[in-house]
Amino acid sequence: MKQVKLEAAYKQPYRWEKAWTLYERKLEQCAPMPAAWNGQRRLKLLTGIVEHYRKYQQRDGAIYDPYSGQERYYSTPSYALAAAVLATQGQSELLESAAAALTCSLAALVQQRASDGHADFFPVMIMGAYRILKPLLPEQAVYWQQQLQQIDPEHTYVFTMSKLNDPNRMINWNAIMLSGEYMRYAEGLGGEDAGWIDTYVQRYHLPRFTALGLYQDGPLHMPNCPFAYDIVTRYHLTLMMEAGYTGAAVDPIHELLQRGAYSSLLMLSPLGELPTRGRSSQHQWNEATAALIFTVQAVREARQGAHKRAGAFRHAADLAWTAMERWQTEAGDLHIVRNYYSPERRHGYEVYTNHTCYNLWTAAALAYAIHYGAELEMIAAYPTPAQCTSYTLDTDGWFQTVVSVVPGQQLVWHTALNDPYNIPGLSRIHRTGMPGLIGPSAAGYREQGFTRFAEGDVFPLIHAPAWQTMDGTWHQLADGIRTSIPFDCDVGVDPADGGGSYTIVDIEQDEQLTKFTLEWSGPLPAGVRRIRACYEQRPGIICVNYHLTDADESNIRQLGAWIPLFIYDGKQSAAVELVGNASSSERVELYEQACIAEHEGAKSELPERAEPSIHTIRLCYTHGLLAVSRLTAESTFTFPVEARHVASRNGLLTGMRLEGGVGGRLAISYEIRLGDDEVLF
């Protein structure tokens, strides 16, 4: 089995250097932007979450989850940190509440009764709250110090070599614990030697980094690489550095964290969201951790005199705050996953996702962003890469993700042919001014791993090619390739297992265009060996062409293209309209609007097959419009029954298949437009 050998990743060239340099040149031409966020607005969002959960605080200081009636995970230490930060920002009424939560959390940690066995997550929040509250409550601080001095890391925490004796299990949990333990050491409460922290970092965490500064979570030999656990690990190592870490790994950590910040900035969508890949994607805490990383990097760049670069990171932090604010309820808490289903239904939740814990974990990360962002208001905002440049980037390591950007628009592809949780194809479309879910924002699944849904079928629905064999059976790229090792959602999938691969060729770009070809090859279903997918995007317009280049054409009846349509977010439904031409100059609606009923369990009223004269499918969702038009002559839109109601992280998708790529070339094309009526038609 192939081993990942990235011990010296920080010494390797930064492979996105060209895109970064082009962006910096563009940045020099940019004027500052109005800052959408200020300290008051940030405090308002954080206060809403904290005040919502304050009413669930028990007499002993614990925060109870209203849905399970008990303390869950690390909700209480998260609350202690967030409330402590607010107490220093003029909300003195939270001081006693924060102190009670800290006392409760310390007792649980020292007595080894942390909720749900998550002791490793406690110290970074406990130490943050302690350092803030210590000067405000000196008498209580004496007790807290006594408690903190009793901790024996190898005995107290779960993800340690003493407990697990497995290097492959020293994953994000271990790094999270180390960040808090270094804070304890820096306060003089964790012994006289922090060499054991260096040992963990050097042996088990540096090898997981790629040259892009991305952290590959999962086993060392087979990482599963969720973007959520890349950003969360870098977040905690950033906090460790901000606490003054000067150990043996300081230079590589500094270099890798800077690279990671640059990479995250290049991958950030114009709507302020990180790419989707793997478990815990589209949980609000993803962008909360990004907000802290962007805030710290903005301050560092400003101190070094790189004011425009600092402004880009400041604006990226603002965009991340905006991405979360969209999902805040009137009660103050957040929809912790990007859909509007009630928390009881747990749609798009992982098996471990908890509404209270992930609200307060998000609050704790935002509290750290506020705590370390005192200088942010002095930094003028400048555009992020996705707002002003064009580029196409392929990730390194086992992340298997491609990102392509034109100003104000981002597309994201998953490229793995053998990973049923991250199916191959165009997964996300984000455009400035459009609702984040309309594109859609996430695909379906072959196997949903940790993820569970309140409704909808598990089906591999994504923008991807399909083909019909002579026996009438349809196959698709998203069916993927079987691997020699069964899928295990706890570990990764070796990209080489099964014989599949991909390459990116013919990349073109200018200020308003990206164009490239993604070629997938391998033992695909029904004897297909190679597919070329050509993508061209301009702001508001995306053209897609699929071409079978190596297949037994005698067994292929026609080519097709699966197209996901977002139809329901848990509260609001989309409306779908079928549009055709009565003449070359007149647009008519050949079908009345096919509405998706506005209730949970929405059912599509679309026909199984559109009339041949239908050339465009138009989707209306909230304030956004999206249109898909066929470009291949004599092709037809169909709505196969197996993809009528497909579960996605955000709600429900319905699958449309364009059919009709026949003849010698076996090619099919379509176009996507996002905007208003003038743009769409």
Side-chain angles (χ1 to χ4, degrees), residues 1-7 9 15 166-172 207-212 214-230 275-281 394-402 412-427 443-451 458-462 464-467 475-505 518-533 548-551:
M1 187 176 295
K2 184 171 68 176
Q3 296 288 318
V4 178
K5 296 184 178 179
L6 292 169
E7 290 85 354
R15 65 183 294 178
D166 184 355
N168 288 319
R169 298 298 288 161
M170 298 301 102
I171 54 172
N172 71 87
R208 285 185 164 87
F209 275 95
T210 75
L212 288 173
L214 305 179
Y215 182 88
Q216 299 186 110
D217 197 51
L220 283 163
H221 70 285
M222 192 175 284
N224 49 46
C225 297
F227 276 123
Y229 294 96
D230 154 54
T276 55
R277 188 189 192 280
R279 63 191 181 95
S280 292
S281 71
D394 186 14
T395 53
D396 60 359
W398 287 20
F399 284 95
Q400 302 171 92
T401 300
V402 174
V412 176
W413 289 260
H414 299 311
T415 56
L417 287 168
N418 57 4
D419 184 346
Y421 192 73
N422 303 285
I423 57 176
L426 173 56
S427 175
Y445 303 86
R446 288 207 309 274
E447 293 186 37
Q448 73 268 38
F450 289 103
T451 314
V458 174
F459 182 84
L461 181 58
I462 195 170
W467 52 95
H475 310 271
Q476 59 177 323
L477 183 73
D479 288 336
I481 296 173
R482 287 186 177 273
T483 59
S484 60
I485 302 173
F487 174 66
D488 180 344
C489 56
D490 274 315
V491 302
V493 179
D494 186 334
D497 193 1
S501 64
Y502 75 94
T503 56
I504 299 175
V505 295
L518 216 172
E519 185 173 274
W520 277 284
S521 61
L524 296 164
V528 171
R529 292 174 290 277
R530 185 172 290 109
I531 298 173
R532 290 173 68 89
L548 292 188
T549 60
D550 188 354

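Just so you know, residue 1 is the first one in the sequence shown, and it goes up from there. Values below: every heavy atom of this structure, side chains too, minus hydrogens, waters and symmetry copies.
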Determine whether a donor-acceptor pair (N or O, by modelled atom type, separation under 3.5 Å) exists between the side chain of D217 and the backbone of I171. no
Any sub-3.5 Å donor-acceptor pair from R446's side-chain atoms to D479's backbone N or O? yes
What distance separates Y421 OH from D488 CG, expressed to the nearest 0.5 Å? 13.5 Å
How about L524 and L417: do any of their side-chain heavy atoms sit closer than 4.5 Å? yes
Given side chains that start at C-beta, do those of M222 and I485 come closer than 4.5 Å, heavy atoms only? yes
Just checking, any donor-acceptor pair under 3.5 angstrom between side chains of T210 and Y215? no
Under 3.5 Å, is there a donor on one side chain and an acceptor on the other for S521 and S501? yes
Are D419 and R277 close enough for a salt bridge, meaning some N to O gap below 4.0 Å? yes
How are the rings of F227 and F399 set relative to one another: parallel (under 30°), tilted (30 to 60°) or perpendicular (over 60°)?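 Geometry flag for F399 against F227: parallel rings.
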Is it possible for you to check whether R279 lies under 6.0 Å from the centre of the six-membered ring of Y229, through NZ or CZ, and within 45° of that ring's axis? yes
Please enumerate all residues that pass side-chain hydrogen bond (donor to acceptor under 3.5 Å, both in side chains) together with [X], with sequence neighbours excluded.
X    : value
R169 : none
T415 : none
N418 : none

